[in-house]
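A short worksheet on the structure shown next.
In each ligand, atom 1 is the first atom listed, and ligand 1 is the first ligand listed.
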Amino acid sequence: MNVEKGYVNAPIDASLDLRSEILRLKKERNAVIMAHYYRRPEIQEIADHIGDSLALAQLAAKTDAPVIVLCGVHFMGETAKILCPEKTVIVPDLSAGCSLADSCPADEFKKFVDAHPDHIVVSYVNTTAAVKALTDVVVTSSNAQKIVNALPRDAKIIFGPDRNLGNYIKSTTGRKNMLIWDGACHVHEQFSIEKLLELRKEHGDAKILVHPECPKPIRIIADKVGSTQALLTYAKESESSKFIVCTESGILFQMQQQCPDKEFIPAPPEDGTCACNECNFMKMITLEKLYNSLLYMAPEIKVDAEVAREAVKPIKKMLEMSK
Ligand code: 13P
Ligand code: SF4
């Protein structure tokens with residue numbers, strides 16, 4: 001078995017019905033399959049649970065299954081493993097990373113934290129386990145506002161690594177003492193305000209849905225800024241029937257599934273190379289990789305025990321403060 005590239009690269013018999021084989025193996029292994037909303041439609045269709053980053057962490061914390069197959073990116077698998085060290089956590093392609101997590105190397109973040117010892121360290125879940133180990137409380141885009149609001153009014157805060165989410169939370173919570181790490185996600189930074197304004201002109205009746213990882217010029221023209229789950233809920237509950245969606249395009253599948261009579265228009269990236277913005281990391285998990293991961297029970301997520309011992313504290317604090 002070859003896992004050199006981050007996934008099991010073993011040949012698959014072309015006559016196999018992959019969907020039924022995955023379901024059979026899942027039962028045999030007593031595994032639960034979880035997927036993020038940005039995943040390919042065929043992965044979302046076969047998953048037991050689909051959710052945003054917060055929901056996936058909450059589900060991992062409470063599942064009884066001894067095996068979690070997490071069709072998300074690497075940091076999501078790490079979060080599940082840190083919460084459930086006794087379980088086998090598999091991410092079918094370990095090289096599914098995150099540009100935002102990469103924008104915050106732990107050694108540099110440590111220097112920043114050490115230089116501001118009187119600050120509470122709030123880190124977005126899109127970080128490595130080593131960064132979480134330097135953190136006081138983890139947040140996701142679903143709960144960042146609630147958690148920052150719950151900190152003492154005069155607290156000095158470090159917020160990392162996303163500058164867009166950080167600036168958004170700083171303004172919505174009215175915090176003055178917030179130092180923000182200068183990181184960003186390559187997908188959410190790519191939306192073009194000019195193209196978005198053109199789309200809005202074309203579809204005057206559409207509501208604009210924006211993930212808080214987008215820069216301020218995009219956020220300020222939004223009808224709703226929120227996590228993937230919050231945008232989905234807004235679309236479901238809104239009386240509007242048309243939406244322009246400024247986040248990774250995988251969410252459109254779930255929006256269309258849950259609101260079949262509504263229209264969802266993906267906002268295009270700045271370079272105009274395609275009609276929508278895709279996260280290359282989120283698209284790395286295919287049915288073939290999922291099948292092989294269940295067949296060979298690999299590749300497994302491993303987290304250094306010492307790092308995990310520290311990283312679990314701010315993750316558990318987040319789960320506690322999200323209730
Ligand atoms: P959510 O927390 O909204 O699921 O977002 C995760 C993510 O990676 C956004 O790019
Ligand atoms: Fe990371 Fe951006 Fe991909 Fe989300 S969309 S996983 S933040 S690179």
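- In summary, the atoms of ligand 1 found under 4.0 Å from a heavy atom of E213, numbered by their order in the structure, are 7 (C), 9 (C), 10 (O).
- With hydrogens and angles left out, the side-chain atoms of S53 and T140 include no donor and acceptor closer than 3.5 Å.
- Remark: minimum distance from atom 6 (C) of ligand 1 to any protein heavy atom is reached at S53 OG, 3.2 Å.
- Looking at atom 8 (O) of ligand 1, its nearest protein heavy atom turns out to be N126 ND2, 3.1 Å.
- The atoms of ligand 1 that sit less than 4.0 Å from any heavy atom of H188 are 10 (O).
- Using cut-offs of 30° and 60° on the angle between ring planes, the pair F264 and F243 is parallel.
- Ion pairing between K111 and D107 fails under the 4.0 Å rule for side-chain N and carboxylate O.
- Atom NZ of K262 is surrounded by more than 12 heavy atoms from other residues, nucleotides or ligands within 6.0 Å.
- Every atom of ligand 1 with a heavy atom of T228 under 4.0 Å away is listed here by number and element: 1 (P), 3 (O), 4 (O).
- For ligand 1, the atoms sitting less than 4.0 Å from at least one non-hydrogen atom of H36 are 1 (P), 4 (O), 5 (O), 6 (C), numbered in the order shown with element in parentheses.
- Taking every heavy atom of S141 and a limit of under 4.0 angstrom, the matching atoms of ligand 1 come to 1 (P), 2 (O), 3 (O).
- The residue Y37 has no part lying near ligand 1, judged by heavy-atom distances below 4.0 Å.
- Scanning the protein for heavy atoms near atom 5 (O) of ligand 1, the closest one is H211 NE2, 3.4 Å.
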Decide side chain to side chain contact (heavy atoms under 4.5 Å, CB included) for L134 and E310; before the verdict, give the C-alpha distance in whole Å, the side-chain angles of both, and the deciding distance to 0.1 Å.
-> CA-CA 8 Å; L134 301 165; E310 289 307 310; over 6 Å; no
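- No heavy atom of H36 sits closer than 4.0 Å to any atom of ligand 2.
- Residue contacts to atom 1 (Fe) of ligand 2: C185 brings no N, O or S atom closer than 2.8 Å.
- Applying the 4.0 Å criterion to heavy atoms of S227 picks out, from ligand 1, the atoms 3 (O).
- In summary, the atoms of ligand 2 found under 4.0 Å from a heavy atom of S99, numbered by their order in the structure, are 8 (S).
- With a 4.5 Å cut-off on side-chain heavy atoms, E42 and R19 count as touching.
- Atom 1 (Fe) of ligand 2 has C98 SG, 2.4 Å as its closest protein atom, hydrogens excluded (heavy atom only).
- Among the backbone and side-chain atoms of C279, no N/O/S atom is found under 2.8 Å from atom 2 (Fe) of ligand 2.
- For ligand 2 and H186, the ligand atoms under 4.0 Å from any heavy atom of the residue are 8 (S).
- Between F109 and F112, the ring planes are tilted. Angles from 30° to 60° get that label.
- The only option from R163, H188, R219 that meets the side-chain hydrogen bond (donor to acceptor under 3.5 Å, both in side chains) definition with E213 turns out to be H188.
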